[in-house]
Structure formats: structure tokens, C-alpha cells
> 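Just dropping this structure here.
In this text the structure is predicted, and so the values were computed from the model without any measurement. Here is how names work: the chains are called A, B, and so on, in the same order as the sequence lines, proteins then strands, and each is numbered from 1.
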Protein chains: 2
Amino acid sequence: MAKHEKISEAVVRRLPIYLRYLSYLQQVEVTTVSSQQMGRNLDVNPAQIRKDLAAFGDFGKKGIGYDVNYLVEQIRQILKLTDEIRVALVGAGNLGHAISNYNAYLKDNMRIAAIFDSNPNKVGNELAGLTIQPLDELAETIAAKQIKLAIITVPAPAAQSVCDLLTQAGIKGILNFAPTTIRAPKDVRIHYADVTSNLQSLAYYLT
Amino acid sequence: MAKHEKISEAVVRRLPIYLRYLSYLQQVEVTTVSSQQMGRNLDVNPAQIRKDLAAFGDFGKKGIGYDVNYLVEQIRQILKLTDEIRVALVGAGNLGHAISNYNAYLKDNMRIAAIFDSNPNKVGNELAGLTIQPLDELAETIAAKQIKLAIITVPAPAAQSVCDLLTQAGIKGILNFAPTTIRAPKDVRIHYADVTSNLQSLAYYLT
DNA sequence: TAGATTGTTAATCGATTAACAATC
DNA sequence: TAGATTGTTAATCGATTAACAATC
């Protein structure tokens, strides 16, 4: 790894995209790839790809390109996907159901390991092979199962209090589908994924 | 509106966030808001909020702040949310179900107006008050219903061909949930919302 | 060797933030 | 008037891209 530069969020967001393409190349048994080829396929400037990767180490060979297997291995390590990462999902509504069933697709060493809901009628039900748990078991379960990340799929009014619960339980990364801004301590990363804001910003570009 | 500056994507992504907070203020009957108050609540620098808004017009009053109702009206216009915007959803799987049922929540003049799926067993079924249609009706329906945006919730291998169908049908904005990069003509905006990449980049920040 | 491609520096471009005159 | 807050300019910061020596 090395190269103690500060890595920008933009770089970190591109790494999974690179990884996805490289995994595809593995599948079709391509063993070497150039930044130019990657850039063409991912719509990213080749210089940017080289710079992004070079921030973590000298992964390529001049005149040749990158060894696909080696690069996959390196990016997995950078993203800490070498050990399984367990994820909690809070909110077993429509979206929560969809995402937890989607679980199988996450693979790549990510797994939803616990599901929580505040509704007593849902607690105890099975979902994607897990039993839906009440919120007051959240902290204990997250500690016991060594869960590191969380997905919030509760309605907007509940999102902040769920976020508070999660951060108190030691969660350091949250993917928030609720259509609301949430606040957390600076060392907790929050990514937003709500459909409404996304669509509204797309609307700006119409005609 | 006016101020023929070029508006950056970053600004456009913040406008829906502002709108959401302002709508909340309307609900609780607050009539005036300062950039400082907005910034505190949304975790955005107040100078940035003022600059973002000033790019579209002089919406505030010095010494006073912004009139909430007026600002809501203005941002709605900027985002073209004054007329109903119709959205097509392609892929009636788990996620497609969740999002189309979520439909009611979209409100704010956005509505899923057609649902498509390639699976003949799903075609003809009802979903969120709509009949699932086959892909070969896509172009005609999009034209007839004046659909402007689309959501892709098909498996990754099908995403590019669906994207091609959509752009040929005149769609100018796509929200892509499929875990794959898709290519489209330059005048088509694509936003990515796949869960896996989002989680993977969160993983980077762990310890 | 000739051609290709990296890693890196320098140049460019763009976005964020601070500061403050204008003014309500 | 005094206090508050905008709109805007200038300063800063950061990210992207071009260019090229190094080298496989």
C-alpha cells in the first residue's frame, strides 16, 4: 500500500468501479489490462486511473499494463474486502426486503448479518434467512456479530434516531436510503442513496 | 432564473436537499430562513448555499434571509418540478417492486407511469396500480405517456441493452441500480445508485 | 530496437470557503 | 441606528487532465 497521500472520496468511489470491471475481466480470462482499456470501458480518463492506482502502490508495468489478478487482489485489500464485512439492515419495509433478498448478489465478502425493525408485528419474522430483531437488541447484536456497516431503510422521521443507535453501537459507515439528511460524529461516513433526491436532480437536466 | 453561469453537477445535487429542508420548514410553518440555519441543519457551508442559490437569481433579502415559500417555488422551477414528471421503471424484480410501491412517497410531482419487464411470466401482472408491460412496448409507451426519466432495476447483464432502448426512446435521464457501468450519448445523464459499490466504498473507511 | 504504457510532474480546471461591502 | 444577512469577489483548496521521461 503506502504512499501516505490523503486519498480523496472521489478516488474511493471509483475503486469499486475498477474492481467490478477487473472481476469481469477475470471471468472472461483476460490477464492484462491497460489504463486506456479500462478508461474506454468505464468512461474514466486513463491518466486518472493511473493516478488513482499509483496512490496506493506501483501496481503496473511500464509498456505492459496491469496484471488483472494482482490488481484485483490489491484493490480488495485497499477496500478491506479480504475479510468478510458484515452489514446490519434497519427497516424491514419494502426496500429493506428487496435489499436483504439481494443479499446473495452482494457477495464479494459483504453480507447482511442482522435485520432490525421497530414494528413488533415484524419482529420474529424470517427475512432472507435471518430473524427480524427489535431495535433494543441492536447494540448487542452488532457487537456480538462484529457488524461494521449499516443500511438504513426506515421512513425519514425515524432515520436520525436509528443513526444515533447505530453510531452508539460503534458503526462507522452508513448507507442511508431514507429521504433525509442525518448527522453523525465526524468519524462516521454516511452515503446517501435516496431515490427521490436522485430523480429530482436528474430532472434539472431535462430539455 | 438567469445568471448564465454553467451550473455544476454538485450544485444540482444539493438543490433537492435544500428543497427537502425547505418543505419541512413549510410544514412546521417557518416562513423565513437564513443560509446559516440551513447550513447548520444540512451540514453545508452557508456561503456555499448562498452561492448555489445566487447562481439562479437574487432570492434572499439582505439582513433578513430567504422567504421559505418563495424559495421552495423557485427551486421547484429550477428543478422543473412544476409539471408532473413521469418516470419509467424497467425491471420488476425485488428492487423494482420496492421502488414502485414507494411511488406514493415520491410525490412532489414525480410519478412512476409505466413498468416494464422482459419476463413473459411477469408481463400482464399488476404492480403499484400499473400493468407490467413487455420491453417491445417501451418506446411507444414512453412517447405516448410523455415519460422523461427512467429507473433501471434489471440484472447487470441486461442493463446496457435496456439503457439503449431507453435512450432510443428519447429518455434523457436514467437512475441505474444495476451494478454495472452503462454508456449513453452525452446528452443523457446517468446517476448510479447500486448498493454494492456504495457499500464497498464505505468499507474503505473502516479502522 | 520500436512500440506501448506506466508513474509522476506540471498545467489546468473547478469547487469550496472566507471575507466584506451593500443593505434590509 | 445597530444587528443581521445577503450576494459577490478573492483566496484557497482540491481534483482532473496533459505531457513526458522512464522502462518493459
> Any donor and acceptor pair, going by atom type alone, linking the side chain of B:T153 with main-chain N or O of B:F177 inside 3.5 Å?
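Pair absent, no side-chain N/O of B:T153 close to backbone of B:F177.
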
> Between D:dT5, C:dT17, C:dT6, which one does the side chain of B:K62 approach most closely?
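Taking heavy atoms from C-beta onward, the closest nucleotide is D:dT5.
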
> With no hydrogens and no angle check, is any side-chain donor or acceptor of A:Y192 less than 3.5 Å from a backbone partner on A:I182?
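Yes; judged by distance alone, with no hydrogens or angles, the pair exists.
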
> Just do the side-chain contact (heavy atoms from CB on, under 4.5 Å) check on B:V87 and B:M110 with the steps written out, would you?
CA-CA 7 Å; B:V87 181; B:M110 288 247 178; 4.3 Å; yes

> Would you say A:Y66 reaches C:dG7's phosphate, i.e. side-chain N/O to OP1/OP2 under 4.0 Å?
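True: A:Y66 side-chain N/O within range (under 4.0 Å) of C:dG7 OP1/OP2.
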
> For the residue pair A:K80 and B:Y204, would you count it as a cation-pi contact if the rule is NZ or CZ under 6.0 angstrom from the ring centre and within 45 degrees of the ring axis?
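Relative to the ring axis of B:Y204, which defines the angle, A:K80 lies inside both limits.
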
> For B:R14 and C:dT16, is the shortest distance between a side-chain N/O and OP1 or OP2 below 4.0 Å?
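The answer is yes; a side-chain N or O of B:R14 sits under 4.0 Å from OP1 or OP2.
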
> Does B:S35 have a side-chain nitrogen or oxygen under 4.0 Å from the phosphate oxygens OP1 or OP2 of D:dT5?
no

> Are A:D83 and A:K148 ion-paired here, with the side-chain N under 4.0 Å from a carboxylate O?
no

> Quick check for you: among D:dT17, D:dT6, D:dA10, whose closest atom lies nearest to any side-chain atom of B:K51?
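Of all the options, the side chain of B:K51 is nearest to D:dA10.
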
> Suppose we define a pair by two distances each less than 3.5 Å, Watson-Crick or G-U wobble; what does C:dA10 pair with here?
D:dT17

> For D:dA15, does either OP1 or OP2 sit under 4.0 Å from a side-chain N or O belonging to A:S8?
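Affirmative; the distance criterion is met.
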
> Choosing from C:dG7, C:dA19, D:dT16, which nucleotide comes nearest the side chain of B:R50?
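Of all the options, the side chain of B:R50 is nearest to C:dA19.
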
> What nucleotide among C:dT16, C:dT6, C:dC24 has an atom nearest to a side-chain atom of B:I64?
C:dC24

> Starting the side chain at C-beta, find the nucleotide from D:dT6, C:dG7, C:dT6 nearest to A:D58.
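Minimum distance to the A:D58 side chain belongs to C:dG7.
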
> Does D:dG3 have a Watson-Crick or wobble mate here (both distances under 3.5 Å), and if so which one?
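Across any shown strand, D:dG3 pairs with C:dC24.
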
> What is the separation between atom CD on B:E9 and atom P on D:dG14, rounded to the nearest whole Å?
21 Å

> What is the distance, to the nearest angstrom, from the CG atom on B:L53 to the P atom on D:dG7?
8 Å

> Of the nucleotides D:dC24, C:dG7, D:dT8, which has the atom closest to the A:A54 side chain?
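Of D:dC24, C:dG7, D:dT8, C:dG7 is nearest to the side chain of A:A54.
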
